[in-house]
Amino acid sequence: MPTATFFRLPEEKRTRLIEACWGELTRVRFTDVSINRIIAAARIPRGSFYQYFEDKEDPIRYLLEDMRQYFITQLRDILVEAKGDLFALPLMAYDRFIGRQGHTDPMLTLFIQLITLNKGLDLQSLIGSPQGFIGEQQYFLPDPLWEVVDPSRLRRNEREYADQVFHLACAVLAFAIVETLHCRIPSDRVRELIRLRMDLLRCGGASDSYKEENT
C-alpha cells in the first residue's frame with residue numbers, strides 16, 4: 001500500500017506518477033518492472049519513490065487492487081441494474097466494457113495488456129480475493145456482488161451455488177471479449193453467442209428425454 005505521503009501529493013504529481021507506473025506495467029512483465037524507468041517517466045528523484053512506495057511491488061499491488069475494485073464496482077452496478085440476475089450479467093457487462101460501437105473500456109484495455117505480458121493473470125485471479133473466504137470455503141464471488149445477487153433466480157439459493165454460476169458467467173464474458181478483440185468476430189455475432197451460452201447455463205443442454213433416461 002502506498003504511504004500517507006503518496007496520498008498527500010498534489011493531484012497533478014500523483015497522476016503523473018500513477019501514469020508512469022501504468023506505462024511501465026503495460027510495457028514489461030511484473031518481474032521486469034524498473035524503478036529507474038518509472039521515476040524517469042514521472043520526473044521525480046529516486047529517493048522520492050521510496051517516500052511513496054515501499055518497493056517496486058508496492059505500486060503493482062496498489063494498481064492491481066485499484067483495477068480489481070473498478071471491475072467489482074462495474075459488475076455490481078450491472079447486477080443491480082439486472083435485479084440480481086447472474087444470467088444477465090455477461091451480456092450486459094460485454095455491452096458496457098466493449099460497447100456497441102466497439103469502444104473498449106480503458107481499464108479493460110489495460111487489463112488485457114497486463115494478462116498478455118503476465119501468464120497466470122486472468123479475470124478469476126484478479127477478482128478472487130482472500131476476502132472471499134468464509135470459514136474454510138473460498139468464494140470467487142466477492143462480497144459486494146453476492147450482496148446484490150437474487151438467489152431466488154437460482155435452482156439452489158446458497159452462496160456456493162451462486163459462486164459457481166458467477167464463475168461460469170465470467171468465463172463466458174472473458175471468452176466473448178477474446179473473440180471480439182483477438183479473433184475479430186463481429187460484436188453482433190459475439191452477442192448472439194453470449195445469449196446461446198448463457199441459455200445453456202440457465203437451462204442446460206440436455207433434452208428432457210435424455211434427462212429422464214439418466215435420472
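FYI, side chains are in, hydrogens and waters are out, and symmetry mates aren't considered; it's all heavy atoms of this structure. In this chain, residues are counted from 1 in sequence order.
Taken to the nearest 0.5 Å, the CZ atom of Arg191 stands 4.0 Å off from the CG atom of Asp95. Taking CG from Leu75 and CE from Met92, the interatomic distance works out to 11.0 Å, rounded to the nearest 0.5 Å. Rounding to the nearest 0.5 Å places CG of Asp85 at 12.5 Å from CD1 of Ile78. Note that CD1 of Ile44 and CG of Leu17 are 5.0 Å apart. Values are rounded to the nearest 0.5 Å. To the nearest 0.5 Å, atom CE of residue Met198 and atom CG of residue Leu168 are 8.0 Å apart. One distance of note links CD1 of Ile115 with CG of Leu126; it measures 10.0 Å at 0.5 Å rounding.
Nearest approach of Pro90 to Ile194, heavy atoms of both residues: CB-CG2, 4.0 Å. Between Asp32 and Glu24, the closest heavy-atom pair is O-OE2, 3.9 Å. Closest of all the heavy-atom pairs between Val28 and Leu117 is O-CD1, 3.5 Å. Contact record, Pro142 with Arg159: C-NH2, 3.8 Å, taken as the closest heavy-atom pair. Contact between Pro2 and Phe7 at its shortest, heavy atoms only, is O-CE1, 3.7 Å. What you find for Lys56 and Thr31 is that their closest heavy atoms are NZ-O, 3.2 Å.
No salt bridge links Glu192 with Arg195; every basic N to acidic carboxylate O contact stays at or beyond 4.0 Å. Between Asp55 and Arg61, at least one side-chain nitrogen of the basic residue sits less than 4.0 Å from a carboxylate oxygen of the acidic one, meeting the salt-bridge criterion.
The closest side-chain heavy-atom distance from Thr104 to Thr180 is not below 4.5 Å. Taking the side chain as every heavy atom from C-beta outward, Phe111 and Asp105 never approach each other to under 4.5 Å. Side-chain contact between Tyr94 and Ser187 is present, with at least one heavy-atom pair separated by less than 4.5 Å. Side-chain contact between Arg156 and Gln164 is absent, with no heavy-atom pair separated by less than 4.5 Å. Counting only heavy atoms from C-beta outward, the side chains of Leu79 and Leu86 approach each other to under 4.5 Å. Using a 4.5 Å heavy-atom threshold, the side chains of Tyr50 and Asp58 count as separate. Counting heavy atoms from C-beta outward, Leu114 and Phe30 have side chains that approach closer than 4.5 Å. Side-chain atoms of Pro59 and Phe49, non-hydrogen and from C-beta on, do get closer than 4.5 Å to each other.
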message = Show, in sequence, the C-alpha distance, side-chain angles and deciding distance for Asp143 and Arg76, and conclude whether the salt bridge (Lys or Arg N to Asp or Glu O under 4.0 Å) test is met.
response = CA-CA 10 Å; Asp143 290 345; Arg76 181 185 171 91; over 6 Å; no
inquiry  = If you apply the rule side chain to side chain contact (heavy atoms under 4.5 Å, CB included), what do you find for Leu181 with Ile98, and how did you get there?
reply    = CA-CA 9 Å; Leu181 300 181; Ile98 298 295; 4.2 Å; yes
query = Do Glu65 and Gln69 pass the side chain to side chain donor-acceptor pair (under 3.5 Å) test, and can you show the C-alpha distance, the side-chain angles, and the key distance before you say yes or no?
reply = CA-CA 6 Å; Glu65 178 60 21; Gln69 292 301 327; 2.7 Å; yes
key: side chain to side chain contact (heavy atoms under 4.5 Å, CB included) evaluation trace for Arg46 with Asn36   = CA-CA 7 Å; Arg46 186 178 182 88; Asn36 286 336; 2.5 Å; yes
query = What do the steps show when you test Phe166 against Val149 for side chain to side chain contact (heavy atoms under 4.5 Å, CB included), and what is the final call?
reply = CA-CA 10 Å; Phe166 178 67; Val149 167; over 6 Å; no
request  = Could you walk me through whether Met107 and Leu110 pass the side chain to side chain contact (heavy atoms under 4.5 Å, CB included) test, one step at a time?
outcome  = CA-CA 5 Å; Met107 190 66 84; Leu110 288 174; 4.1 Å; yes
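Among Arg197, Arg189, Arg184, the single residue meeting the salt bridge (charged side-chain N to carboxylate O under 4.0 Å, His left out) criterion with Glu179 is Arg197.
Taking the six-membered ring where the residue is Trp, Phe140 and His167 present tilted rings, their angle falling between 30° and 60°. Note on ring orientation: taking the six-membered ring where Trp is involved, the planes of Phe6 and Phe53 are tilted (angle from 30° to 60°).
Follow the hydrophobic side-chain contacts under 4.5 Å out from Leu89 and you never reach Leu200; the two are in separate clusters. The hydrophobic clustering, which links ILVMFWY residues whose side-chain heavy atoms are closer than 4.5 Å, places Tyr161 and Val148 together. Under the 4.5 Å side-chain heavy-atom criterion for Ile, Leu, Val, Met, Phe, Trp and Tyr, Val172 and Val178 are members of distinct hydrophobic clusters. Cluster membership check: Leu91 does not share its hydrophobic cluster with Phe175, using side-chain heavy-atom separations under 4.5 Å among Ile, Leu, Val, Met, Phe, Trp and Tyr. Taking hydrophobic clusters as Ile, Leu, Val, Met, Phe, Trp and Tyr residues chained together by side-chain heavy-atom distances below 4.5 Å, Leu193 does not share a cluster with Leu173.
Counting non-hydrogen atoms of neighbouring residues, nucleotides and ligands closer than 6.0 angstrom, the CD atom of Glu81 reaches no more than 12 such neighbours. Around CD of Glu54, the count of heavy atoms belonging to other residues, nucleotides or ligands within 6.0 Å does not exceed 12. Around the CD atom of Glu12, the shell of radius 6.0 Å holds more than 12 heavy atoms that belong to other residues, nucleotides or ligands.
Taking the ring centre of Phe87 as origin, the terminal cationic atom of Arg153 falls outside the region bounded by 6.0 Å and 45° from the ring axis.
Under the 3.5 Å distance criterion, the side-chain polar atoms of Arg29 are left unmatched by any main-chain donor or acceptor of Asn118.
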